[in-house]
Amino acid sequence: MEKLSEDEIRKNFGKAFRKLRISRNLTQEELSEEIGVTREWVSKVECGKSNLSCHDLVIFMIVIEFETIEEVKSFLKEATTYVPLNTC
């Protein structure tokens, strides 16, 4: 298995984060209000330019309302699997 750099992890996570936000029909603004952060922060996370704190990650997972553990696993797998990435 190929080891991911911190930058690749952030970008993969951001891509999965964005995909999940969109699948829940949430705008960046709506998600930012639910989490209690700025829209700019959501944008930076989605572009792989910022990290989530553990607190923000837990709040994100509550807001997203994962239906099953399989959905959580799928999100985490996508967020941590190596794929060539386009930057924002």
Side-chain angles (χ1 to χ4, degrees):
M1 179 155 87
E2 189 169 344
K3 184 177 178 185
L4 298 173
S5 70
E6 275 188 54
D7 188 49
E8 289 169 322
I9 290 170
R10 273 194 315 275
K11 287 179 181 178
N12 282 348
F13 184 87
K15 190 175 183 179
F17 184 94
R18 181 177 189 275
K19 182 179 175 182
L20 194 54
R21 173 185 61 77
I22 291 170
S23 77
R24 296 299 199 268
N25 296 312
L26 292 168
T27 65
Q28 287 182 343
E29 187 70 35
E30 291 166 335
L31 182 60
S32 69
E33 288 173 10
E34 292 285 335
I35 296 176
V37 297
T38 65
R39 190 210 52 80
E40 290 79 12
W41 178 89
V42 171
S43 177
K44 285 181 182 180
V45 168
E46 290 183 0
C47 290
K49 296 178 181 174
S50 186
N51 289 320
L52 276 78
S53 69
C54 289
H55 174 266
D56 293 335
L57 179 58
V58 169
I59 299 300
F60 167 73
M61 293 179 83
I62 291 168
V63 168
I64 290 300
E65 296 180 345
F66 286 102
E67 300 279 328
T68 65
I69 193 67
E70 292 305 316
E71 193 175 19
V72 174
K73 286 180 184 179
S74 177
F75 169 74
L76 292 174
K77 182 176 182 182
E78 183 174 350
T80 59
T81 301
Y82 178 79
V83 290
L85 301 167
N86 296 331
T87 58
C88 289

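Sequence positions, counted from 1, serve as the residue numbers for this chain.
Rounding to the nearest 0.5 Å places CG of D7 at 10.5 Å from NZ of K49. Atom OG of residue S43 and atom CZ of residue R18 lie 9.5 Å apart, to the nearest 0.5 angstrom. Residue I35 holds its CD1 atom at 12.0 Å from CD of E30, rounded to the nearest 0.5 Å. The distance from the OG atom of S50 to the CG atom of D56 is 8.5 Å, given to the nearest 0.5 Å.
Heavy atoms only, all atoms of each residue included: N12 and T80 are closest at ND2-C, 4.4 Å.
Taking the side chain as every heavy atom from C-beta outward, S32 and W41 never approach each other to under 4.5 Å. Looking at V37 and F60, their side chains never come closer than 4.5 Å, going by heavy atoms from C-beta outward. The closest side-chain heavy-atom distance from L26 to L20 is not below 4.5 Å.
Panel note: side chain E78, backbone F75; no donor-acceptor pair is recorded below 3.5 Å. A side-chain donor-acceptor contact under 3.5 Å links R10 to the backbone of G48. Listed for the S74 side chain is no donor-acceptor partner under 3.5 Å among the backbone atoms of E70.
Across K19, K15, R21, a single residue satisfies side-chain hydrogen bond (donor to acceptor under 3.5 Å, both in side chains) together with E46, and that is R21.
A single hydrophobic cluster is not seen to contain both L76 and I9; linkage of ILVMFWY side chains at heavy-atom distances under 4.5 Å, directly or through other members, places them apart. Under a hydrophobic-cluster definition in which Ile, Leu, Val, Met, Phe, Trp and Tyr are linked whenever side-chain heavy atoms come within less than 4.5 Å, directly or via other members, V58 and F17 are assigned to different clusters. I62 and V42 fall into different hydrophobic clusters, where Ile, Leu, Val, Met, Phe, Trp and Tyr residues are linked whenever their side-chain heavy atoms come under 4.5 Å apart, directly or through other members. Note on F66: it clusters hydrophobically with L52, by side-chain heavy-atom contacts below 4.5 Å among ILVMFWY residues.
A salt bridge does not link E65 to R24: none of the charged side-chain nitrogens sits closer than 4.0 Å to a carboxylate oxygen. A salt bridge is absent between E8 and K11; no separation between the charged side-chain nitrogens and carboxylate oxygens falls under 4.0 Å.
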